[in-house]
Amino acid sequence: MIQLSDRLLAMEESATIAMAKKSRELKALGMDIISLSLGEPDFYTPAFIKDAAKKALDDNYTMYTPVAGYDDLRESISLKFKRDNNLSYSKEQIVVSTGAKQSIANVVLSIINPGDEVIIPAPYWVSYLEIVKVAEGTPVVINAGLEKDFKITGDDLEKAITPKTKMLMFSTPCNPTGSVYTKEELADLARVLKKYPQIIALSDEIYEHINFIGKHESLAQFPEIYDQVVTVNGVSKAWAMTGWRLGYIGAPKTIALACDKVQGQFTSATCSITQKATISAMHADPSVLSDMISAFKKRRDLVLSLLGEIPGIKINNPDGAFYVFPDCSSFFGKEYNGTTISNSDQLCMYLLEEGLVALVGGEAFGDPNCFRISYAASEETLTKAMHRIKESLSKLT
Ligand code: PMP
Ligand code: GLU
């Protein structure tokens, strides 16, 4: 009999990926499912990036690359960090990986020992907790509720710090809440982090360009904590390149070297063609993304106004990313056909079966009172989905 490892058995399946898989299966059976489950732009990769990939192939960039990425790619990322974030990361501080997901796993495997505590503000992105568990770290979850726009303060952070705290991990703009930390809010976190130089803060900024309130603010901008911050980013979201698999970090050199070592044993490096294509994205002026960002903002406004018509739904005003994370707890205890709904996962299952809309329950994001809607879909699809949700919820008694 095959005996799987305790480490694997303790790990949850990715809820976002599980829901996307389920809705693909139901669609294949001919069901008219609207899937708003996966966080994936519904745009195609810009033509100039595809052209750069075709050229890379014709130029025979088909062999193993340096583990941390081609030199010219890392130089272009270094320029991007300076141009967009005013952050100085030399080429040696940058490691390119097979998606930001792997970047995060590399960092955690590099610095977490069994029993080290990692502070994760909830709601959090589904993979944070599981990656920490795989490294045998102890996730310490702090709840940042809807009434605080799902953000933590320096004081919240400080209350969770113990002698075992090794890391803080969060995203801004946030998946799943769309919340964006302001410069002042980040400065407040920096104020606390400075007092604990043993803590590394992983700031996941993969949605930096999908921000409706202006300039993105990076945690590493504060010189007093620059050496404690790992900035994670990637091309999946802004450049609609989810399938190409490229993420990267800007980090203190010691951590960059450690991630290079981990990756040298696990994946070698990400795809050579993807790397060459990404150089063109890094050199591009981010203003070319303005149409996509306006489209996301229009969709956000549409979804907020349609959800606003549903009695019992509470919601924040998300300033970035392409998710909303409504509180649906007023529906708990209600019934349909003799089945009682008692949490958001069950509500999502009901909305899938009754409304044919695939969403992701809040449990895997650390908040079982909410569910996540990805609004990376056309306005027509979103309107139809919101009506289905409204109608299905009205059937609960
Ligand atoms: N961080 C966050 C907050 C995400 O939502 C995602 C999912 N795309 C990732 C990291 C990983 O992105 P990728 O591996 O596609 O670069
Ligand atoms: N990050 C996206 C999401 O949250 C894609 C799926 C995944 O990588 O988990 O839905």
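Position 1 is the first residue of the sequence; numbering continues from there. Atoms within each ligand, like the ligands themselves, are counted from 1 in listed order.
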Contact partition for Glu40 relative to ligand 1, non-hydrogen atoms under 4.0 Å: neither

Closest protein heavy atom (residue, atom, distance) for atom 16 (O) of ligand 1: Ala100 N, 2.6 Å

Closest protein heavy atom (residue, atom, distance) for atom 12 (O) of ligand 1: Ile206 CD1, 3.5 Å

Ligand 1 N/O within reach of Tyr207 N/O, cut-off under 3.5 Å: yes

Side chain Glu158, main chain Gly154, donor-acceptor under 3.5 Å: no

Which segment of Ser236 sits under 4.0 Å of ligand 1 when only heavy atoms are counted: side chain

Salt bridge flag under 4.0 Å for residues Lys164 and Asp116: no

Heteroatom distance test (Tyr128, ligand 1): nitrogen or oxygen, under 3.5 angstrom: no

Centroid-centroid under 6.0 Å between Phe365 and Tyr323 rings: no

Aromatic ring proximity Phe325/Phe150, centre distance under 6.0 Å: yes

Ring pair (Phe, Tyr, Trp, His ring centres under 6.0 Å) partner of Phe43, the single match among Trp239, Phe322, Phe296: Phe296

Distance-only N or O hit between ligand 1 and Tyr323, under 3.5 Å: no

Identity of the nearest option to atom 10 (C) of ligand 1, non-hydrogen atoms only, from Trp125, Tyr124, Phe322: Trp125

Expected output: side-chain Gln263 to main-chain Val67 donor-acceptor under 3.5 Å: yes

Ligand 1 to Ile104 polar contact by distance, N or O atoms, under 3.5 Å: no

Pair Asp58 + Lys55: basic N to acidic O under 4.0 Å: no

Under 4.0 Å from ligand 2 - residues by heavy atom, chain and number: Ser14, Thr16, Leu38, Gly39, Lys101, Trp125, Asn175, Lys237, Tyr323, Arg372

Electrostatic pair Lys80:Glu208 at N-O distance under 4.0 angstrom: yes

Any N or O of Thr98 closer than 3.5 Å to N or O of ligand 1: no

Ligand-side contact atoms (ligand 1) for residue partner Arg245, heavy atom cut-off under 4.0 Å: 13 (P), 14 (O), 15 (O)

Lys237 side chain vs Pro41 backbone, donor-acceptor pair below 3.5 Å: no

Centroid-centroid under 6.0 Å between Phe331 and Tyr350 rings: no

Test item: Ile249 and Tyr89 side chains (from C-beta on) under 4.5 Å apart, heavy atoms: no

Option of least heavy-atom distance to atom 8 (N) of ligand 1 (set: Lys237, Lys101, Glu205): Lys237

Candidates Asp59, Asp72, Thr65 - the one meeting side-chain hydrogen bond (donor to acceptor under 3.5 Å, both in side chains) with Lys276: Asp72

Residues Glu379 and Arg299 bridged, charged N to O under 4.0 Å: no

N/O separation below 3.5 Å, Ser171 to ligand 1: no

Proximal ligand 1 atoms for Asp204, defined as those under 4.0 Å from one of its heavy atoms: 1 (N), 2 (C), 3 (C), 10 (C)

Under-4.0 Å heavy-atom contact with ligand 1, by part of Gln102 that carries it: neither

Pairing of Asp285 and Arg83 as salt bridge, 4.0 angstrom limit: no

Gly234 touching ligand 1 at heavy-atom level, < 4.0 angstrom: no

Sub-3.5 Å N/O-N/O distance, Asn175 and ligand 1: yes

